[in-house]
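In what follows, residues are counted from 1 in the order of the sequence shown.
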Amino acid sequence: MANTAVSATVPGAAFVPARRRFTADEYHRMGEAGILPPDERTELIEGEILLMPAIGSRHMACVNDFTRILVIRVGDRAIVSIQNPVRLSSGTEPQPDIVLLRPRPDRYVENLPGPDDVLLLVEVADTTFGYDRRRKLPLYAAAGIREVWIADLGRRRVLVHRSPEGDAYQRVTTVTRGGTLAPEAFPDITLTVAGLFA
């Protein structure tokens with residue numbers, strides 16, 4: 001059961017209702033029971049079920065470009081997972097746009113990938129840029145995700161985050177149009193920023 005803290009009643013103090021947070025297991029049971037409509041995009045972030053905005057055409061095109069390039073160049077060295085969940089903790093299960101996962105014999109049938117399975121995580125951000133940086137990035141760092149890229153559609157750049165420590169990344173690089181990117185796990189794979197923002 002998720003934490004259900006009861007607000008303390010102190011004489012003279014204003015009542016503040018406690019939030020009911022959900023675990024990832026409860027979140028999945030709600031989906032299976034039809035409580036969460038299948039056509040709604042949701043994520044579980046720190047026990048809260050959040051509705052995510054619809055995916056626009058520029059966002060879709062960028063994800064498709066990343067996917068095409070990575071599938072061809074990674075081959076069997078990693079699994080390219082698109083808009084699928086990664087369980088960071090019992091109460092946090094985001095659905096990043098692109099994740100390179102370590103290959104596993106069970107293909108992640110037995111359980112969802114966790115932080116140790118992630119070789120590279122990519123968020124494609126248009127309207128969600130601030131949310132991805134301020135809310136999700138610290139969670140990725142705290143979970144130990146080794147490398148996160150945020151593809152900023154508005155400014156046509158990619159922010160590369162490496163070396164997580166606490167809830168922050170110690171190395172942050174901004175790669176703009178004309179620059180190239182290579183995942184730390186696969187330095188032989190290079191992507192051009194210009195090629196991702198058609």
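- Grouping the Ile, Leu, Val, Met, Phe, Trp and Tyr side chains by contacts below 4.5 angstrom, directly or via other members, places Val63 with Val175.
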Determine whether Phe186 and Leu119 satisfy the following criterion, side chain to side chain contact (heavy atoms under 4.5 Å, CB included), listing intermediate values before the conclusion.
CA-CA 9 Å; Phe186 302 106; Leu119 301 171; 3.8 Å; yes

List the steps and the verdict of side chain to side chain contact (heavy atoms under 4.5 Å, CB included) for Arg146 and Val118.
CA-CA 8 Å; Arg146 62 193 279 181; Val118 177; over 6 Å; no

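- Note on Ile189: it does not cluster hydrophobically with Leu121, by side-chain heavy-atom contacts below 4.5 Å among ILVMFWY residues.
- Among residues two or more places apart in sequence or in another chain, the salt bridge (Lys or Arg N to Asp or Glu O under 4.0 Å) test is passed with Arg171 by Glu184.
- Proximity of a side-chain donor or acceptor of Asp152 to a complementary backbone N or O of Arg156 within less than 3.5 Å is not detected.
- Summarising the geometry, atom CD1 belonging to Ile79 is positioned 8.5 Å from atom CZ belonging to Arg107; distances are rounded to the nearest 0.5 Å.
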Stepwise, does the salt bridge (Lys or Arg N to Asp or Glu O under 4.0 Å) test hold for Arg135 with Glu43?
CA-CA 12 Å; Arg135 185 89 190 262; Glu43 288 188 327; over 6 Å; no

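- Within the 4.5 Å cutoff, the side chain of Pro164 has no heavy atoms near those of the Ile145 side chain.
- A salt bridge is absent between Arg20 and Glu48; no separation between the charged side-chain nitrogens and carboxylate oxygens falls under 4.0 Å.
- Applying the salt bridge (Lys or Arg N to Asp or Glu O under 4.0 Å) criterion to Arg133, with sequence neighbours excluded, gives no partner residue.
- Side chains of Asn84 and Ser81: a donor-acceptor N/O pair is present below 3.5 angstrom, by distance only.
- Interatomic distance, CG of Leu100 versus CD of Glu147, reported as 9.0 Å (0.5 Å rounding).
- Counting only residues at least two apart or in different chains, ring pair (Phe, Tyr, Trp, His ring centres under 6.0 Å) contacts with residues 58-112 are absent.
- Applying the under-4.5 Å side-chain rule to Ile, Leu, Val, Met, Phe, Trp and Tyr, the cluster around Ile72 consists of that residue alone.
- Residues Leu153 and Leu159 are members of separate hydrophobic clusters, defined by side-chain heavy-atom contacts under 4.5 angstrom among Ile, Leu, Val, Met, Phe, Trp and Tyr.
- The distance from atom CG of Leu196 to atom CG of Leu191, rounded to the nearest 0.5 Å, is 5.5 Å.
- Hydrophobic clustering of Ile, Leu, Val, Met, Phe, Trp and Tyr side chains at less than 4.5 Å, counting indirect connections, keeps Phe22 apart from Leu112.
- For the atom pair CD1 of Ile82 and CG of Asp97, the computed distance is 8.0 Å after rounding to the nearest 0.5 Å.
- Cluster partners of Leu51: none. The rule joins Ile, Leu, Val, Met, Phe, Trp and Tyr whenever side-chain heavy atoms lie under 4.5 Å apart, and it links nothing here.
- A distance-only check finds a donor-acceptor pair linking the side chain of Arg77 to the backbone of Arg73 [under 3.5 Å].
- Residues Val99 and Ile69 do not share a hydrophobic cluster, defined by chaining ILVMFWY side chains whose heavy atoms lie under 4.5 Å apart.
- With sequence neighbours left out, the salt bridge (Lys or Arg N to Asp or Glu O under 4.0 Å) criterion links Asp117 to Arg104.
- Thr42 has its side chain out of reach of Leu50: every pair of non-hydrogen atoms, C-beta onward, lies at least 4.5 Å apart.
- Of all heavy-atom pairs between Arg157 and Val193, the closest is CA-CG1, 4.4 Å.
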Take Asn64 and Met60 through the side chain to side chain contact (heavy atoms under 4.5 Å, CB included) test and state the conclusion after the steps.
CA-CA 6 Å; Asn64 286 344; Met60 181 188 72; 3.7 Å; yes

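- Across all non-hydrogen atoms, the minimal contact from Arg102 to Asp116 is NE-O, 2.8 Å.
- In plain terms, the two heavy atoms of Thr92 and Leu139 that are nearest each other are CG2-CD1, 4.1 Å.
- For the pair Val158 and Phe197, the minimum side-chain heavy-atom distance is below 4.5 Å.
- Atoms CG and CG, on Leu70 and Leu120 in that order, are 7.0 Å from each other to the nearest 0.5 Å.
- In the model, Glu123 has a side-chain atom that pairs as donor or acceptor with a side-chain atom of Tyr140 under 3.5 Å.
- Contact check for His161 versus Ile150: side-chain heavy atoms found under the 4.5 Å cut-off.
- Counting heavy atoms from C-beta outward, Val122 and Val148 have side chains that stay 4.5 Å or more apart.
- The backbone N or O of Glu46 lies less than 3.5 Å from a partner atom in the side chain of Arg21, making a donor-acceptor pair.
- Annotation for Cys62 and Ala151: closest pair SG-CB, 4.4 Å, computed over non-hydrogen atoms.
- Scanning both residues, Pro85 and Pro113, for their nearest heavy atoms gives O-CG, 3.6 Å.
- Counted within 6.0 Å of CD on Gln83, heavy atoms from surrounding residues, nucleotides or ligands total more than 12; the atom is thus considered enclosed.
- The minimum heavy-atom distance linking Val124 with Thr128 is given by the pair O-OG1, 4.1 Å.
- For the pair Tyr131/Leu137, no side-chain contact is recorded, criterion being any heavy-atom separation below 4.5 Å from C-beta on.
- Side chains of His28 and Glu93: a donor on one and an acceptor on the other come within 3.5 Å.
- Atom CZ of residue Arg155 and atom CG of residue Asp126 lie 14.0 Å apart, to the nearest 0.5 angstrom.
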